[in-house]
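What follows is one structure encoded as structure tokens, with my remarks underneath.
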Amino acid sequence: MTTTSSTPLTLTVVQLKLTLLRNGLRQSGGRRAAFVTSTVLVLLFAALQLLGLIALRGSAHVASLVVLLVAVLALGWAVMPLFFPSGDETLDPTRLVMLPLRPRPLVRALLVSSLVGIGPLFTLCLLAGSVIDLARGTAAVVVAVPALALALLVCVALARAVAAANIRLLSSRRGRDLAVLSGLVIAVGAQLVNFGAQHLGSSGLGQLDPLAEVLRWVPPASAIAAVDAVSAGAYGEAAAQLALSVAALIALLTLWERHLTRLMTAPDGSTLDAAGSSAARERPSGGLARLLPGGRTGTVMERSLRYIWRNPKTKAAWVTSLAIGLIVPVFNALQGTGSVYFACFAAGMLGMQMSNQFGQDTSAFWMVAATISDTRDAYVELRGRALALLVITLPYTTLVTVLTAALLGAWGRLPEVLGLSLALLGMMLATGAWTSARFPYSIPQEGYKNVVPSQAGLAFLSIFGGMIAAALLASPVIALTIWLNVTPHGDPYTWLLLPLGAAYGAATAWAGLKLAAPRTATKLPEILTAVSQG
């Protein structure tokens, strides 16, 4: 099937992408402002990176740094479609399956249109700085131009091949849950980059040479390494490295074309018989219910735990909190600059999940509200949600505290830090329950926003107000910890902070649930209205 228009397909697809982008920006001033701001920031960062790379020209081991940079850049292009599947909806091939288009011309058109955007421009700036660092002599400059273009095309083709291979998964409800891993990957990656930069700062760029010797033969880094090889007079090595990049590009385009052919000819899950789905729905729940208490408390705990596992927004918040709560104390301990008290960060991050409990249910909260008839029902509902949170936070907080103490060799501080963490966790449960009833807000289910614009003030009061209140409530335990550590002969008694902190946290959490229950029972219509606005 071919197009009958006199306009080339490639030009049509590029114009389509620009038109969709322009029409999207016309929808609201806020969207235009966000696009312009992000564009300016990305271009500014790209310009700074380009200038920084140019400034490194002539430095020792710069070739190793550049090769590693290009390899990491290609890795980013490969994984971003998995974490942000809706980042470029104009290039979703499933939107074109009903058009009379052949896969090969479509691949060519989509490849060219993929070069239009901030991401490719940012990549081009980094690649340009890389070849400037390595090009020495006329022959190297001549090779640098096709090497730069080849590296850019490999990056783009890699991203599109990965997206096409996983588009059925990424466009499904379960597949979009992959995006929740982005918080974990970004958090871990940022700490790894920071740790690596500090290590290089003390050991020098020469540490990169062994890794660079391997990566210089891996496309698209091999294309950039070819420029360095030509500068050194190794023309045969340069030809082999360019050939590797060309072969990688051809292989990626072939793989992309095959996946496009399959998408345009094979039926998806919506056209298949779902006879087996009823049997799956009739399967009894697993052993989770048997491990929980009976009555309404166990029911609420099971529902809350299932929300954490199944709801994309709730899962994203938990994954991010779990990752950051571990990364901050552990990475600081590994760098030798941390304190055992950083372990309290885990309790604080996980305690924030108690905030806006009813908003996490969104419009489905009306089913919960229908079962609350008095203060007692409201108290049991809040207690079940708090206990579900404790199922995860108590062992996790203990694990992070023990691990941090082990890395720092501060076993003597373990009881007091764990007691302080438990006290802080109890404060977060208390303030979270109260703010959930006092400042409920809606969480949109689509997109990456966590609050509707009209409720930003409520979200600020709920989250940051609750954190400030929790810190104030925990001040007696904090003051006692400081006093025992600064007063003479106070060390033998610091172990008392563990039982005192646990008891104080439990008592405060119970008081917070008791205070939040009456308002929850009497203000159900207002809460339901607030959480259903998204």
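Side-chain contact check for Glu416 versus Leu484: every heavy-atom pair is 4.5 Å or farther apart. Arg303 has its side chain within reach of Glu381: a pair of non-hydrogen atoms, C-beta onward, lies under 4.5 Å apart. Within the 4.5 Å cutoff, the side chain of Val218 has no heavy atoms near those of the Val67 side chain. Ile324 has its side chain within reach of Val328: a pair of non-hydrogen atoms, C-beta onward, lies under 4.5 Å apart. Counting heavy atoms from C-beta on, the side chains of Val380 and Val300 never come closer than 4.5 Å. Using a 4.5 Å cut-off on side-chain heavy atoms (C-beta onward), Asn356 and Phe439 make no contact. No side-chain heavy atom of Arg519 sits less than 4.5 Å from a side-chain heavy atom of Ile527.
In this structure, the side chain of Thr299 engages the main chain of Gly295 through a donor-acceptor pair within 3.5 Å. Between the side chain of Thr435 and the backbone N or O of Gly432 there is at least one donor-acceptor pair closer than 3.5 Å.
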Item to complete: Quick one: do Thr520 and Tyr379 satisfy side-chain contact (heavy atoms from CB on, under 4.5 Å)? Show the steps, please.
Response: CA-CA 8 Å; Thr520 302; Tyr379 171 74; over 6 Å; no
Discussion item. The test is side-chain contact (heavy atoms from CB on, under 4.5 Å); show your working for Thr398 and Leu418 and say whether it passes.
Written reply: CA-CA 7 Å; Thr398 304; Leu418 185 56; 4.0 Å; yes
Item to complete: Determine, step by step, whether Leu41 and Phe45 satisfy the side-chain contact (heavy atoms from CB on, under 4.5 Å) criterion, reporting the C-alpha distance in whole Å, the side-chain angles of both residues, the deciding distance to 0.1 Å, and the verdict.
Response: CA-CA 6 Å; Leu41 291 176; Phe45 184 69; over 6 Å; no
Fill in: Step-by-step side-chain contact (heavy atoms from CB on, under 4.5 Å) determination, Thr401 to Thr397
CA-CA 6 Å; Thr401 306; Thr397 300; 4.2 Å; yes
Discussion item. Using side chain to side chain donor-acceptor pair (under 3.5 Å), reason through Ser462 and Ser355 one step at a time and then give a plain yes or no.
Written reply: CA-CA 7 Å; Ser462 177; Ser355 176; 3.1 Å; yes
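Of the N and O atoms on the side chains of Arg216 and Ser222, not one donor lies less than 3.5 Å from an acceptor on the other residue. Side-chain contact, Ser321 with Gln353: a donor N or O sits under 3.5 Å from an acceptor N or O. Residues Ser304 and Arg385 bring no donor and acceptor atom of their side chains to less than 3.5 Å of each other.
Of the inter-residue distances, the one linking Arg413 atom CZ with Thr494 atom OG1 reads 6.0 Å to the nearest 0.5 angstrom. With rounding to the nearest 0.5 angstrom, the CG atom of Leu292 is 9.5 Å from the CG atom of Leu387. Rounding to the nearest 0.5 Å gives a distance of 12.0 Å between CG of Leu50 and CG of Leu43. Put simply, OG1 on Thr404 and CG on Asn332 are 9.5 Å apart, with the number rounded to the nearest 0.5 Å. Taken from CG in Leu382 to CH2 in Trp434, the straight-line distance is 13.5 Å, to the nearest 0.5 Å. Met428 contributes atom CE, which lies 6.0 Å from atom CE of Met352 (distance to the nearest 0.5 angstrom).
Heavy-atom minimum distance, Val477 versus Ala423: CG2-CB, 4.0 Å. Contact between Leu408 and Ser339 at its shortest, heavy atoms only, is CD1-C, 3.5 Å. Here the shortest heavy-atom pairing between Ile224 and Ala151 reads CD1-CB, 4.1 Å. Summarising the geometry of Thr431 relative to Gly466, their closest heavy-atom pair is OG1-O, 3.4 Å, with the distance given to 0.1 Å. Listed here is the closest heavy atom pair of Trp309 and Lys315: O-CE, 2.6 Å. Residues Met354 and Ser436 come closest through the heavy atom pair O-OG, 3.2 Å.
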Taking only distance into account, with no hydrogens and no angle test, what donor-acceptor pairs under 3.5 Å do side-chain atoms of residues 495-516 form with protein atoms, sequence neighbours excluded?
residue : atom : partner : partner atom : Å
Trp495  : NE1  : Pro492  : O            : 3.2
Tyr504  : OH   : Leu473  : O            : 2.6
Thr508  : OG1  : Tyr504  : O            : 2.8

Please tabulate, for the side chains in residues 119-133, all donor-acceptor contacts under 3.5 angstrom to protein atoms that are two or more places apart in sequence or on a different chain.
residue : atom : partner : partner atom : Å
Thr123  : OG1  : Trp77   : NE1          : 2.9
Thr123  : OG1  : Gly119  : O            : 3.0
Ser130  : OG   : Leu126  : O            : 2.8
Asp133  : OD1  : Arg57   : N            : 3.3

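By the side-chain hydrogen bond (donor to acceptor under 3.5 Å, both in side chains) test, Ser231 is found to be paired with no residue, residues two or more places apart in sequence or in another chain being considered. With sequence neighbours left out, Phe365 forms a ring-ring contact (aromatic ring centres under 6.0 Å, His included) with Phe358. In this structure Phe345 satisfies the ring-ring contact (aromatic ring centres under 6.0 Å, His included) test with no other residue, sequence neighbours excluded. Applying the ring-ring contact (aromatic ring centres under 6.0 Å, His included) test to Tyr493 and every residue at least two apart in sequence or in another chain returns nothing.
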